[in-house]
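In this text the structure is predicted, and so the values were computed from the model without any measurement.
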Amino acid sequence: AAYLEPYVVGGNRSLGTKRGMIVPRSVGVNQYGNLSRGKLAALKAKPNVFIGQVTFRNGKRAGQPIYGVWQRSDTPRGKRHDGDYGTRGNSQGKVYGARTTLKLLIEFDDTSPVAKHLDFYGAAERYVRANASQAFDAALRRALATARPK
């Protein structure tokens with residue numbers, strides 16, 4: 001019930017026992033804004049991709065853990081493409097202002113609002129209007145047929 005409530009009445013998604021929700025970045029999502037199970041499995045199968053927590057020592061979010069799907073670079077940290085070492089022309093990207101060889105593919109973030117709402121009450125009302133009189137008539141006939149005489 002807690003999982004479906006935001007889809008019916010609106011609001012933020014239910015986290016349940018999860019640490020965070022998946023907030024895709026540059027990854028395809030389904031019509032409900034969720035990441036497909038197959039996509040996450042395909043990412044986990046790659047040898048240079050891992051799922052976990054990374055805490056940066058410097059930058060905008062220094063000391064804050066970032067949960068997500070990370071990709072390791074093929075070029076070692078500090079190694080330049082010309083084979084020499086140093087900071088000029090290296091392969092290090094920037095994630096939240098910190099220099100790193102890790103690339104954040106998908107971030108596990110706090111809960112987010114539900115994008116698509118289900119018309120539960122409207123569907124229930126339409127069903128009752130279409131079927132209530134027939135069901136009531138059938139129940140009344142059964143009750144009268146099995147009633148004890150006075």
### Message
Are the side chains of Ile66 and Glu107 in contact, using a 4.5 Å heavy-atom criterion?
### Response
yes

### Message
Which residues pass the side-chain hydrogen bond (donor to acceptor under 3.5 Å, both in side chains) test with Arg129, not counting sequence neighbours?
### Response
Glu125

### Non-hydrogen side-chain atoms of Asp119 and Arg126 separated by less than 4.5 Å
yes

### Query
Atom CD of Gln71 and atom NZ of Lys46: how far apart are they, to the nearest 0.5 Å?
6.0 Å

#### Entry: Step-by-step side-chain contact (heavy atoms from CB on, under 4.5 Å) determination, Thr146 to Arg141
CA-CA 9 Å; Thr146 59; Arg141 279 194 299 269; over 6 Å; no

### Query
Between Arg142 and Asp137, is there a side-chain N and carboxylate O pair less than 4.0 Å apart?
no

### Query
With a 4.5 Å limit on heavy-atom distance, are the side chains of Phe136 and Asn131 in contact?
no

#### Entry: Heavy-atom closest pair, residues Arg72 and Pro47
NH1-O, 3.9 Å

### Task
Could you tell me whether the side chain of Leu43 reaches within less than 4.5 Å of the side chain of Ile106, counting heavy atoms only?
yes

### Query
Quick one: are Leu105 and Trp70 in side-chain contact, heavy atoms under 4.5 Å?
no

### Query
In Å, rounded to the nearest 0.5 Å, how long is the span from CD1 of Ile51 to CG of Leu40?
4.5 Å

### Task
Using the rule that two of Ile, Leu, Val, Met, Phe, Trp, Tyr join whenever any of their side-chain heavy atoms come within less than 4.5 Å, decide whether Tyr7 and Phe120 are in one cluster.
no

